[in-house]
There are 2 protein chains.
Amino acid sequence: METEIRSGRRYKGVSNEQRRAERREKLVDAAIAVYGAVGYHGATVRAICAEAGLTERYFYESFENGEALLAAAFEAVMARLTEEVMTALAPLSTFDMGSIVRTALATYYGQLRANPNEARVFLVEILGVSPRMDTIYWDTIRQVSLSILRFAPDAAERADDLGLDLDLFADGLIGAVVQIALGWVRSGYAAPIDTVVETAMAILGAVNREYLSPRA
Amino acid sequence: METEIRSGRRYKGVSNEQRRAERREKLVDAAIAVYGAVGYHGATVRAICAEAGLTERYFYESFENGEALLAAAFEAVMARLTEEVMTALAPLSTFDMGSIVRTALATYYGQLRANPNEARVFLVEILGVSPRMDTIYWDTIRQVSLSILRFAPDAAERADDLGLDLDLFADGLIGAVVQIALGWVRSGYAAPIDTVVETAMAILGAVNREYLSPRA
DNA sequence: CGATATTGACAAGAAACGTTGTCAGATTTG
DNA sequence: CAAATCTGACAACGTTTCTTGTCAATATCG
């Protein structure tokens, strides 16, 4: 008496899996919009589903709970940011660290300005939610750290000589960049982006010249 | 028929106002402990009252809601940190910026290590809770910014010359210090405190030597 | 001592939310 | 066309929490 045919049927021309994927994407986009409006903690499953134009049942089709959606939203934003930065860096022919960092910063801040809701997810909403989300956030931070430090091959050895902790050192540099982003977002993007980039470059540049550049 | 005598009566030897103040303080301390254990979002009014050894009615005697208590807890931690730093700086006779900053950092990180629960309130739990809490957090940040920049009187003018935004510049420096603190706390205070201080000093020192010290 | 204020334990109302279930209508497949 | 699947709107259950209220026991004041 039970229906055995479980594999999907095409609907409106699209396959089962594709419909699921589209609904999931709609939910992620809706979540970013709702988080931007009322924050993660003010966002309810109902509100997100309404924003997505979907019913609650489809929420649980793709996500176990609200936190899983936040994680997915964060990862989506992070993936987009990473891709944009990589794309911007690709045509660079120089290995000059200043140019690389400036380009990356300009792209990063530019994206945050172009997508304020995503900026909020990336910078604010993710924090202090749960141990699981903290882990995701810190894994991301450390991943970026590693990317940065790859441009300064002898940094580890030099940090050791100076009695510094390289991980914390990288955390500090990222913290500077992120806090500038936060201050800028919070100001309503008051300063022109060039000023923001140069301000971050002032800090990173000073550190680079003193600690990371090949010259001892 | 109504009781007109509203002004307090002494109880167990202490006055009305003092009893209230003591209960309030108990609640703040309990809140910090509970936040440290389960986070702000996992903390319920009941749990905090139980930790404080008080009943729920006394909660609403001192705080309008749970968020007000978080604000009070944050302010208490901030006040304590500020006082400790000020006390540590007072005996310094030098005006050397390096010594001042190093002492302040050592005190700050030392306090965070001595009080992990307070560290968590100060660094994590406060974030992303509500617009009101964000405002409190940012007012605090900017207040610290101003304190720092007072040691570099011509910084504003110089920042202008270089096309930087001074507020964002200060945000960046604070962000570096705070993110190092976060990384350190998250690591379970793995590195010795001297290493942490020197790591932060490496960033702040490089910036100071290049941008803030009297020499152009 | 008697009246009143204070305290602590706990009940109860109300509201919000997550999560699951129902069901009629639309769409596809054979 | 007929059966099966898919969709969307919404109801309903259970849980949790905030918040206010009740009441007896305890301490103070006159």
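Every chain is numbered from 1 and lettered A, B, ... according to where its sequence line falls, protein lines coming before strand lines. Since the structure is predicted, the reported quantities are computational estimates derived from the model, not experimental observations. Just so you know, these numbers use all the heavy atoms, side chains as well, and skip hydrogens, waters and symmetry mates.
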Requested in this report: Using a heavy-atom cut-off of under 4.0 Å over every strand shown, decide if A/Tyr60 touches base, sugar-phosphate, or nothing.
Outcome: base
Open item on the list: Under 4.0 Å, heavy atoms only, any strand: does A/Thr55 hit a base, just the sugar-phosphate, or nothing?
Closed with: base
Tell me: [atom1] of [X] to [atom2] of [N], nearest whole Å?
| X | N | atom1 | atom2 | value |
| --- | --- | --- | --- | --- |
| B/Ile48 | D/dC18 | CD1 | C1' | 12 Å |
| B/Glu64 | D/dT20 | CD | C1' | 15 Å |
| B/Arg10 | C/dT7 | CZ | C1' | 17 Å |
| A/Glu61 | C/dG21 | CD | P | 16 Å |
| A/Glu56 | D/dT7 | CD | P | 16 Å |
| B/Glu17 | C/dT6 | CD | P | 11 Å |
| A/Tyr40 | C/dC17 | OH | P | 13 Å |
| A/Phe59 | D/dT7 | CZ | C1' | 19 Å |

Of A/Arg57 and A/Arg46, the one whose closest nucleotide on DNA chain C sits nearer the 5' end is A/Arg46
Report yes if a side-chain nitrogen or oxygen of [X] is closer than 4.0 Å to either non-bridging phosphate oxygen (OP1 or OP2) of [N]; otherwise report no.
| X | N | value |
| --- | --- | --- |
| B/Arg19 | C/dT7 | yes |
| B/Tyr58 | C/dT7 | yes |
| A/Lys12 | C/dT27 | yes |
| B/Tyr11 | D/dT28 | no |
| A/Asn16 | D/dT5 | no |

> Is the base of C/dT28 touched by the side chain of A/Arg9 through a donor-acceptor pair closer than 3.5 angstrom?
Replying inline: yes
Within residues 21-38 of chain B, those residues having any heavy atom closer than 4.0 Å to DNA chain D are none
- Using 4.0 Å as the upper bound for N to carboxylate O, is an ion pair formed by B/Arg102 and B/Glu198? yes
Quiz item: Should the pair A/Phe74 and A/Phe122 be assigned to parallel (<30°), tilted (30 to 60°) or perpendicular (>60°) ring geometry?
Solution: parallel
Tell me, do B/Leu112 and B/Leu123 make a side-chain contact under 4.5 Å, heavy atoms counted?
yes
Item to complete: Would you mind reporting whether B/Val178 and A/Gln179 have side-chain heavy atoms less than 4.5 Å apart?
Response: no
Partner of A/Arg186 under side-chain hydrogen bond (donor to acceptor under 3.5 Å, both in side chains), picked from B/Thr135, B/Asp171, B/Asp134, is B/Thr135
Output, in order, the C-alpha distance, side-chain angles, deciding distance and verdict of side-chain contact (heavy atoms from CB on, under 4.5 Å) for A/Phe59 and A/Leu69. CA-CA 9 Å; A/Phe59 184 95; A/Leu69 176 53; 3.5 Å; yes
Heavy atoms from other residues, nucleotides or ligands near CD of A/Glu67 exceed 12 (cutoff 6.0 Å): yes
